[in-house]
Every structure is written in structure tokens, then in C-alpha cells.
2 protein chains.
Amino acid sequence: MKKRTTIVDLAREAGVTPGTISRALSNDPRVKQETREKIVLLAQKLHYQPNLSARLFKKGRTRNVGFYSELPTWVFYNNYFGRLISGVAQAAHEDDVKLVFYFSNIFLPSDGDVVKAKRELTGLDALMDGRIDGAIVLKDEDITEEEAEFFRAKSPVPLVLINNTLETQGFFQLTSGIYDRNLVALEYLFSRGHKKIGAIGLSAGGVYNRCSLEAFDTFYKKNGMVFNLEWFKVPPVGHDVSNSDDLAKSLLDLKKQGVTVVICADDLQGIFAIEILKKMGLRVPQDMSVLSFGQLARESSLQAPTLSMIETDLEAGGRKAYEFFKAALEGEKPVAQSLVWKAPTDHSSVAKV
Amino acid sequence: MKKRTTIVDLAREAGVTPGTISRALSNDPRVKQETREKIVLLAQKLHYQPNLSARLFKKGRTRNVGFYSELPTWVFYNNYFGRLISGVAQAAHEDDVKLVFYFSNIFLPSDGDVVKAKRELTGLDALMDGRIDGAIVLKDEDITEEEAEFFRAKSPVPLVLINNTLETQGFFQLTSGIYDRNLVALEYLFSRGHKKIGAIGLSAGGVYNRCSLEAFDTFYKKNGMVFNLEWFKVPPVGHDVSNSDDLAKSLLDLKKQGVTVVICADDLQGIFAIEILKKMGLRVPQDMSVLSFGQLARESSLQAPTLSMIETDLEAGGRKAYEFFKAALEGEKPVAQSLVWKAPTDHSSVAKV
DNA sequence: CTGTTAGCGCGTTCAT
DNA sequence: ATGAACGCGCTAACAG
């Protein structure tokens, strides 16, 4: 492998000092035209590339933005998170900032070393390693107040929290808006005449179910009705949220109770639900409508006539997260914002009751 | 934002020199136990985090591996490339190396600056910016010999080429094996009795069609038969490879010619083909079998009874690419390898002819 | 055992 | 218009 040609090599070759090279290549007006031309030519000839690491190191910046994820690497082929990341990547690229990935170690075995074990515990520590100017943080669960306090006080790099449900003081945040999007869904379904609305949650104990239920409860109360807790189905602990057997059992029970529409946690769950309903001999959406959140994956678009989506622009969300990172770098006052969710404009996939 | 506490701050506070701090924290045996403990305690108290940028800068390494892509950022939510990237990310993470993304600028407008324009032209130049120890390169088309020559001679960082079809001397390579996988497909289909095999290609002029056709030609000749060029359908230039109208026309034509199975370029194309065949009143796989390559996306798994896949472990491929990067760093001799493609073991989705 | 010095590659002074 | 010197944070070599 070829050794890097440094500014010193170039200076030696050109018979000048490194300072002159630096000035010549950064278009400093105080350098003789003739010298500059000679240097530029020589730089091309020797294929000199300034070492950005060194340059940025001196400046105390890295022009790297971290993306921290506590989820496994399937975020790279997941329609939801992948699109979010895609947005971040685009914004960063246009800004000539590199996107660097950090994954938590919580799934890896500890080797017993205390320092390492501690790092594995919080994971976020790694973001303070000096290799990034700040990070966009995708937590699995809400950040604890203890963690928040620590990073507010000690972190030399700003953190943008995404996918949090609570507002954590002192951080830029882009929440996924589980509560919000369920409200949008409920309003939409009410407008289509649905009164008995079912839902399939995610694994028990998580924020998704909590926030969703809160939205259901609030909305039904506001309309002078009571939400039946039996209509909110939570897959057994440890089960895949798209497990066919669980889904079939839940859907059958909902149907028996006269539920007319089921809200699924993600598009995949929705697609499976539709398949199961059809196998049960039910017509979708006439006998049961199915609704979910996000953007349809390309493969799922075949389901478009039956699956209705409460939509959001995830790539725009990613861009927004990057903007927050930039704002935080500039020292601006933290802002919390939710993804914007919109009701469908094409009503063909949700029955009118 | 808090200022970083540096090794100097720590040294001042502890009443020792930076050298001692460095040794104490890197478990150098030549430091008194008492001193080390004092320093470790103080480091925790002040939340000192060694600046990895500085540390690695001195060592002349970055512990960053680049992933260069000439494809848009949908690689982040694409089932094929996303899984490949996922494998790279896992391997890098386990090795405590960060994954940094580089995207080509070929889709962005030039601002007229000559240097920038040149960079936008090749794109790969950016990989020599000193921020990474090497890179995994996902090109859209094969690397030109001119480019190859340049990087062989001038690049201070090793490049691992993926998705290339040609073997380029002097580089570690993981080819996607378009030729190979088609051979596997053809052998499998012959073993199931198929003699008239159709295929849908990608946009005209690309390597995919070229390599596929070569495989078809070779295989048929070897078996004393002639492959009918009419059986290889190429979508019109500029059309989406899953365009319904084009697919319908192609499939109808294939059926008329007595073709019994169609090989699709990717799983999405395959899924659409199945839908179209069904709409045309044909039974899949009895009247026409559909086969494709890769790993089924989760959403596509609903098609399992009808869509047959020539399989490969893409995450393993990503890991392999990372191994190649490591080997290249160690100065090992370049190796070219193809993804390993396997015929299905469950034959229910391909009819016996 | 610990302090001192030098230097990684670069940009930015301050001189000349 | 250019050279010389310094420093970013850290580690390694050399002293003591």
C-alpha cells in the first residue's frame, strides 16, 4: 500500500515550507500566483490529498455525525428505520458531513472488564469518544432521567433523541408520536363511522402499548364513550408481533366482539392480518378494515387496496433530525417535535360503517 | 455544551504529567498502584474520556471503515443491500471499528469548481481523505481499468470491491455472482424438468443482462440445446424493472412460447410477476413457476408458497467483505470471491415438468 | 516509577 | 510573499 503524501513531502519537493503549501492550496491571497500554480500542479502530480483527520483534529471538529442505535443491525433493511436513516444520510451528505454508526453492546456478552461492562450498560458513553461532533440517538426505550441528567451535564457533544415518547428537558427531540398518530387514526376512523376499534400492540411492557392505550382512552372519553380494553390485543411476551397464531386468535376475538377495524402496530403486522382475515373467509375491508402507520414498503404496495396507512414522511423526519443536530451544534435552544402523521386521502381501503 | 476534559486537565488536577496519565489509563505496568488508583478515580470524577480522534491520529489509524455507495440512500431500506450492509456493520462493530458512509455525488449538481467536478466524476477520491483506514466499495457498474490502475498505484487505503462482475486484478473482491447464480438456477430448473426457461432482466445495457445471458448461453450449449433469445425479456430503457405493463406483456409472450418458468432479477419483480400471472388466470406454479435470487424480504415471505428463491446469505457476505478489508489492511494478497448461491431445498414452489 | 521531549499532519500565527 | 514556530490531544522513546 502506498504511503500518504503529506504536506511535508509536498513542501520538500516544491522547495518551500509547509506553511506556503497550506496557503497556496487554501487560496490564501498572500501567495504569489506563480508559486501557487507550481504547487497546485505538483500536488496533482503527487496526488496529494490533505489529511482531513489532521485538519479537522486541529480544528477540534470531526465533521462526523453519529447514529446510535440500540436496535440490531436490521435497521439497515427495515422499511421504517431505514427510511429515517436514509433521510439523515441525505442531509448529512449534502452538508459534507459523514454518517458514523454506533451500536449498543447490550446484546453482546461482557468480558468481565469493569470499564467495558459499564460502557455496555449505558452504551451512550461511546458517543463521547471524540470521533463525532454529535449524535442522533435511537433508543429502544425512553432515556432515563438519570442518563439525561448525566449527558446534559457532562457530554461535550450534543445528542438528538429520536423515537422517545417522553419529552426530556434539554435535548433536541424528534419523537415518533405514538400517541399523536393513534389520535389521527381514531379521528379518521370515527369519521368513517367506526365505533368499535380494535388494535394489535407490540410486546407487553413497552412504551408503544402504553402510549397507544393513552390515546384510545383520551379519545373515547372525549367523545363520551368508553374504550373496551378487550379490544387492545397484546402479543404474549417473547412472541413475534406478527406471529400468525396470535394474530389469528386476536382477530377472531375482535370479530366476535363486533369490532369493525383493527389498527396494527406496523405495516408487516397489517399485511399478515389481512392475509389471515382472508383465510378466515372475511372480506377486507368490507367485513374488517385494517390500518397501520408509516410508509408502505415496496413489497407491501401490493396490499394497497386493502391496507390503509396513517402516513408520515420518514425521510423528512431523518432530515429534521439532522437539522436538530446542526442546531444543537450552534448552541440553539432545544426543541421537541413529533413526526407529522396524516390521515389517508384515499378511503377505498377503509370501509364506511 | 461542556468542554472536553483533556489529558492535560487531568494531569494538572492530579499533580502529575500527561505521560503518567496516559500510562495509568492504558494499564502500563510501570506505574505505581497507588498513583493509578488515584488517577482512575479522578478520571471517573471528572468524566474524562480519552479523545479517540487524537489517539488514533497519532497512531496513523482511524479504526473507521468506509462504505462507499454509488446507489442512492435507499440502500438503507433495501432488503438486498441492507442485509449486506448489516453484515458489514455487525463484523465492524464486533471488531470495535466504526462504519462510515460515503455517497457518490453523481446525482448532485456540480458547482463549477474544477476540483470539485473532478471529485464528483470519480467519487472514489473521497475515500482517500484520511478519515478511514479503507473502504468497501459498492459500485453501480464495474470499475474501469483506468480507475483501478489509479487506485492500485496511488491509494493509501485499501478498497474492497463488491458487486463487481469482472475480476479486477489487485483488489479484494466480493462479486455478486450474476453468472454463477444463474447457472445454479438453470441446473436446478433442468433437474425439475424445465427446458424452456424465461427470464426478465434489468434495464438494457447493464452488466446484469450481459452476465445472465452468458450463463444461459453457456448452460444450454453444454446441454446440447440452444437458448432462445426471445425468452430473455429486457424492460424498455427508463422503465422500472417491476413495471406492471411491461411485465404483463413479457409474461404473456413467454407463456405463448411455451415457457414453463420465469427467472426474475429480484424478489420484488418476482412478486409482481406472480400477482400478474394470477390476474391473468394462470396458476402459480402449475402453469408457470417463478424464481428469483437472494433472501426474501419479510413482507415477501407471504409469497413463499409460490415464489422460489436461489438463496444466499447476504449478511455472511457483508461479514466476508469486512474480513477482506482487514486482510487488505494486513497487506495480504488480494482474493476474489463470489457470493455462494444455493438451490432451494423445498421444491413446492417450482412445478415438476 | 515518573518526568521530559518529540512528533503525528495540518493551519495559524508572528516574524522577516 | 514566505519562513519559522506553535499547538490540537495523545503516546512513545528516552531520561533520570
Side-chain angles (χ1 to χ4, degrees), chain A residues 1-40 42-43 46-64 128-133 155-157, chain B residues 1-40 42-43 46-64 128-133 155-157:
Chain A
M1 214 138 47
K2 202 176 161 294
K3 210 190 140 293
R4 276 193 93 84
T5 52
T6 73
I7 203 168
V8 180
D9 302 328
L10 202 55
R12 192 178 349 92
E13 206 71 22
V16 294
T17 54
T20 308
I21 303 284
S22 175
R23 280 182 291 249
L25 262 34
S26 58
N27 284 324
D28 191 307
R30 302 171 299 174
V31 62
K32 215 202 300 181
Q33 192 54 29
E34 189 188 323
T35 317
R36 184 197 312 285
E37 280 169 13
K38 190 179 73 180
I39 289 174
V40 167
L42 194 66
L46 299 185
H47 296 101
Y48 167 73
Q49 283 272 109
N51 185 331
L52 267 185
S53 273
R55 180 184 292 191
L56 292 166
F57 168 54
K58 186 176 165 40
K59 288 212 174 103
R61 278 284 162 89
T62 65
R63 292 199 78 76
N64 283 154
M128 293 165 43
D129 66 3
R131 306 215 272 180
I132 51 178
D133 293 332
S155 174
V157 291
Chain B
M1 215 139 45
K2 202 176 161 292
K3 206 190 142 294
R4 278 192 95 83
T5 52
T6 73
I7 204 169
V8 180
D9 301 329
L10 200 55
R12 193 177 348 92
E13 205 72 21
V16 294
T17 54
T20 308
I21 302 285
S22 175
R23 280 182 292 249
L25 261 32
S26 59
N27 284 325
D28 190 307
R30 304 170 300 176
V31 62
K32 215 204 301 181
Q33 192 55 28
E34 190 188 319
T35 317
R36 185 196 311 285
E37 280 169 14
K38 189 179 75 179
I39 288 173
V40 167
L42 194 66
L46 300 184
H47 297 102
Y48 168 72
Q49 283 274 110
N51 185 332
L52 268 185
S53 274
R55 178 184 292 190
L56 292 166
F57 169 53
K58 179 169 173 49
K59 292 216 167 98
R61 278 284 160 88
T62 64
R63 293 198 77 77
N64 282 155
M128 295 166 42
D129 66 3
R131 307 214 273 181
I132 50 178
D133 293 333
S155 176
V157 293

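Sequence lines set the chain letters: A, B, ... in the order given, protein chains first and strands last, and positions in each chain run from 1. What you see below is based on every heavy atom in this structure, not just the backbone, and it leaves out hydrogens, waters and symmetry mates.
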Given atom CZ of B:Arg36 and atom P of C:dC1, what is their separation to the nearest angstrom?
10 Å
Can you figure out which of D:dG3, D:dC10, C:dG9 approaches the side chain of A:Asn51 most closely?
C:dG9
What's the closest nucleotide to the side chain of A:Thr20 if the choices are C:dG9, D:dT2, D:dG9?
D:dT2
A:Lys59 side chain: which of C:dC10, D:dT11, C:dT12 is closest?
C:dT12
Minimal non-hydrogen separation, B:Arg4 against A:Met128, with atom names:
NH2-O, 2.8 Å
All heavy atoms of A:Ser53 vs all of B:Gly130, minimum pair found to be OG-O, 2.8 Å
Considering every strand and a 4.0 Å limit on heavy-atom distances, what is the contact class for B:Thr17: base, sugar-phosphate, or nothing?
base
Find the distance A:Arg4:CZ to C:dC10:C1' and express it as a whole number of Å.
12 Å
Not counting sequence neighbours, list each pair that qualifies as a side-chain hydrogen bond (donor to acceptor under 3.5 Å, both in side chains) and has a residue in residues 14-29 of chain A.
A:Thr17-A:Thr20, A:Asp28-A:Arg30
Report the distance from atom CD1 of B:Ile39 to atom P of D:dT11, rounded to the nearest whole Å.
13 Å
Ignoring hydrogens and angles, tell me if any N or O in the side chain of B:Arg36 forms a donor-acceptor pair with the backbone of B:Ala24 under 3.5 Å.
yes
Let me know the distance between CG of A:Asp129 and C1' of D:dG9, rounded to the nearest Å.
14 Å
I need the residues from residues 22-35 of chain A with at least one non-hydrogen atom less than 4.0 Å from DNA chain D; give them sorted by number, or say none.
A:Arg23, A:Arg30, A:Val31, A:Lys32, A:Thr35
The side chain of A:Pro50 lies closest to which of these nucleotides: D:dC10, D:dG3, C:dC10?
C:dC10
Donor-acceptor contact present, side-chain B:Arg131 to main-chain A:Thr62, <3.5 Å
yes
Can a side chain N or O of B:Tyr48 be found less than 4.0 Å away from OP1 or OP2 on D:dG9?
no
When rounded to whole Å, the CG to P distance for the pair B:Leu52 and D:dC10 reads 10 Å
Return the value, rounded to whole Å, for the distance between atom NZ of B:Lys58 and atom P of D:dA12.
7 Å
Mind checking whether B:Leu52 and B:Arg55 have side chains closer than 4.5 Å, heavy atoms only?
yes
Starting at CD1 of A:Ile7 and ending at C1' of C:dG11, how long is that distance when rounded to a whole Å?
8 Å
Can you measure A:Arg131 atom CZ to D:dG9 atom P for me and round it to whole angstrom units?
18 Å
Please classify the nucleic acid contact of A:Pro18 as base, sugar-phosphate, or nothing, using heavy-atom distances under 4.0 Å.
nothing
For B:Tyr48 and B:Thr6, which heavy atoms make the closest approach, and how far apart are they?
CE1-C, 3.6 Å
